[in-house]
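Accompanying notes for the structure given below.
Counting starts at 1 for both ligands and their atoms, in listed order.
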Amino acid sequence: MDHDAIRPSQGPGAATKRRRLLSLFSPLTVGELRLHNRIVMAPLTRNRAGPGFVPQDLNAEYYRQRACAGLIISEATQISPEGLGYPDTPGIYSAEQTAGWRRVTDAVHAEGGQMFLQLWHVGRISHPSMQPEGQLPVAPSAMKPAGQAATYEGPQDFVTPRALRTDELARLRDQYRLAAENAQAAGFDGVEIHSANGYLLDQFLRDGSNRRTDAYGGSIENRLRFPLEVVESVLEVWPPGRVGIRLSPSGTMNDMRDSDPHATFGAMVGALARYGLAYVHIMEALEADTRHGGTEIPVGYFRALYRGVVMVNGEYDGPKAQEVVASGDADLVSFGRLFLANPDLPERLRKGAPLNVPDPQSFYGGGARGYTDYPTLVQQVGPR
Ligand code: PHB
């Protein structure tokens, strides 16, 4: 990582110099990759995979259109059939899925883009109707989350999941490793481990969802154990400079809570520092999180604990993103909704051009409408 470039020396004029150097539009070395800007496409669930949870040509076109991002992170992609929690999300456990993703990465690479796959297991955020043989979803502890699962039959109340036995965790680590291997075969530039938003790994991290009494629950060190073992399984496949991880320390989505998020996530980020990963991707508190009692932890808290690349996410617009990069609190900013609605987002932000407004009606499921038909600036106003 070129820290000299992102952490210029102190001294007279250093602040001005830093502000000038640290532009959202300047390149950055991230692990083994060179990104041509610091604008990342965030993982976005779109529920448009084909039969067998296989990515289609339409999905390839959607990602191809957004190849101008410094890096694309794929939508969350289940590592196994039991990792599924939503209709028509893609997988990365079968040969067909791997071949489908290859078409996506080929399309992105042909445009000069780079793309990571996000490795996902939803844990308890599922429903028997979504699970193989109608089995119960699995989780660190048999604790039912409040709320409803998104099933093929519509929203249905969550059920009490089955607590994973200690001797089953090796099977899960294997699933992560095999999925990481498939991501490599599919031509991705790296992978992001989804350890956020109340899904399986986040369920292990926080004491609001982990009441285990074995080596994987109780103390913070124990709650970190499984997510870190998954990191290590993925590192058997990928070099650290091609692996990122996503965390949501302030998040309350999917009924999440923790009695001391500063301690839990401070320890997690500290533990991650020893692996030399490409980046740590931190979701900041959203308005809904603070409303639901989430502890708002400023990104600067993590920056002080982590010397590597920090990516942030959380309702950023262009000026706010430029500000956080210039401040040095983050190196990369990921954009979800804005990238969804603006395939040429970096160009629009650079020009301060108007942005297309995302249409929530077409976020989840459907076809090309609200997916591949958002216009570029050139399509709207012609070349300038
Ligand atoms: C969702 O499908 O609603 C979803 C998936 C992954 C996330 C967040 C939300 O990280």
Which residue supplies the protein heavy atom nearest to atom 5 (C) of ligand 1, what is that atom called, and how far is it?
Thr45 OG1, 3.1 Å
Return yes or no for this condition: an N or O of His194 is under 3.5 Å from an N or O of ligand 1.
yes
For ligand 1 and Asn197, I'd like to know whether there is a polar contact (N/O to N/O, distance under 3.5 Å).
yes
Numbering the atoms of ligand 1 from 1, which are under 4.0 Å from a heavy atom of Tyr86?
1 (C), 2 (O), 3 (O)
Quick note on ligand 1: atoms under 4.0 Å from a heavy atom of Trp120 include exactly 5 (C), 6 (C)
Audit row: Leu247, Met283, side-chain contact (heavy atoms from CB on, under 4.5 Å) steps and yes/no:
CA-CA 6 Å; Leu247 303 171; Met283 296 195 62; over 6 Å; no
Is there side-chain contact between Pro145 and Ile125, with at least one heavy-atom pair below 4.5 Å?
yes
May I ask you to identify, for Tyr199, whether its side chain, its backbone, both or neither come under 4.0 Å of ligand 1 on a heavy-atom basis?
side chain
Which of these, Phe116, Trp101, Trp238, Tyr63, sits in a ring pair (Phe, Tyr, Trp, His ring centres under 6.0 Å) with Phe188?
Trp101
Salt bridge or not for Arg303 and Asp331, using N-O below 4.0 Å?
yes
Taking the basic N atoms (NZ, or NE/NH1/NH2) and the acidic carboxylate oxygens, is any pair closer than 4.0 Å for Arg171 and Glu82?
yes
On the ring face of Tyr371, is Arg48 found with NZ or CZ under 6.0 Å from the centre and within 45° of the axis?
yes
Measuring from the heavy atoms of Met253, does anything fall under 4.0 Å of ligand 1?
yes
